[in-house]
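Within every chain, numbering begins at 1; the chains are lettered A, B, ... in the order of the sequence lines, protein sequences first and strands thereafter.
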Amino acid sequence: MAYWLFKSEPDDYSIDDLAHEKAGYTVWDGIRNYQARNFLRDNVVVGDGVLFYHSSCKNVGVVGTAEVVKAAYPDPAQFDPDNRYFDSKASKEAPRWYCVDIAFRSAFDSLIPLAELRTLPALSDMVLLKKGRLSIQPVSKAEWRLVTALRAT
DNA sequence: GCCAACGTTGGC
DNA sequence: GCCAACGTTGGC
């Protein structure tokens with residue numbers, strides 16, 4: 001049981017999109033960074049908590065939580081030539097990229113801006129604040145508790 | 001849209 | 001294996 005922060009560009013896929021998934025979950029595909037891939041493939045397990053983060057938009061920050069409902073399996077998008085995440089160097093025998101499934105858990109009553117997280121000394125070691133570009137990143141239990149207590153849901 | 005940070009590619 | 005060139009991320 002561990003905690004993570006997943007980034008998404010809300011114009012592409014937002015916490016509201018996740019909250020309204022008819023199937024009750026979504027495939028977290030399209031991860032094309034090796035460090036993020038390794039976390040997905042090797043460390044993310046069912047039941048893990050996810051801080052859902054909106055990036056590359058007007059209001060960047062943590063907007064809610066999700067839960068991992070299926071552990072890593074080969075990302076189908078890498079095999080589909082018509083998909084934007086197609087990878088010609090990947091094969092079904094030797095998949096290069098992995099995805100997990102996550103389900104909506106909560107939406108905060110208001111977004112927790114990145115700038116606010118930066119003001120909290122207890123979060124100074126948070127990966128988000130030190131290594132901004134990683135799209136799948138570990139969150140400590142203490143960080144999870146603190147962040148999820150900042151807002152009502 | 002700018003630009004800093006950082007990841008990836010590819011020649012040698 | 002090094003490193004320059006290039007591409008991408010992502011905050012502002």
Inset, instruction - Identify, residue by residue, the members of residues 33-43 of chain A with a heavy atom below 4.0 Å from DNA chain C, and return them in order of residue number, or none. - result: none

Inset, instruction - Using side chain to side chain donor-acceptor pair (under 3.5 Å) as the criterion, point out the one residue from A/T153, A/T65, A/T148 that pairs with A/S106. - result: A/T65

Legend entry - Closest heavy-atom pair and its distance - A/G24, A/A103: O-CB, 3.3 Å

Inset, instruction - Taking A/E9 for its side chain and A/S56 for its backbone only, find out whether a donor-acceptor pair lies under 3.5 Å. - result: no

Inset, instruction - Can you see which heavy atom on A/R96 is nearest to which on A/D87, and at what distance? - result: CD-OD2, 3.2 Å

Inset, instruction - Go through A/L134 and A/N33 one step at a time and tell me if the side-chain contact (heavy atoms from CB on, under 4.5 Å) criterion holds. - result: CA-CA 8 Å; A/L134 195 54; A/N33 165 283; 3.7 Å; yes

Inset, instruction - Answer yes or no: is there a donor N or O on one side and an acceptor on the other, between the side chain of A/S8 and the main chain of A/P10, under 3.5 Å? - result: no

Legend entry - A/F79/A/W97 aromatic ring centres below 6.0 Å: no

Inset, instruction - Tell me, please, whether A/Y3 has A/K141 positioned over its six-membered ring: NZ or CZ under 6.0 Å from the ring centre and within 45 degrees of its axis? - result: no

Inset, instruction - Could you check which residues of residues 52-65 of chain A get a heavy atom under 4.0 Å from DNA chain C? Sort them by number, please. - result: A/Y53, A/S55, A/S56, A/V60

Inset, instruction - Please list, in 5' to 3' order, the outermost nucleotides of DNA chain B lying under 4.0 Å from any heavy atom of chain A. - result: B/dA5 to B/dT8

Legend entry - Pair A/D101, A/Y73: side-chain N/O donor-acceptor within cut-off below 3.5 Å: yes

Inset, instruction - Please work out whether the ring planes of A/W28 and A/F52 are parallel, tilted or perpendicular, with thresholds of 30° and 60°. - result: perpendicular

Inset, instruction - Between A/K89 and A/R133, just flag the one whose closest nucleotide in DNA chain B comes earlier from the 5' side. - result: A/R133

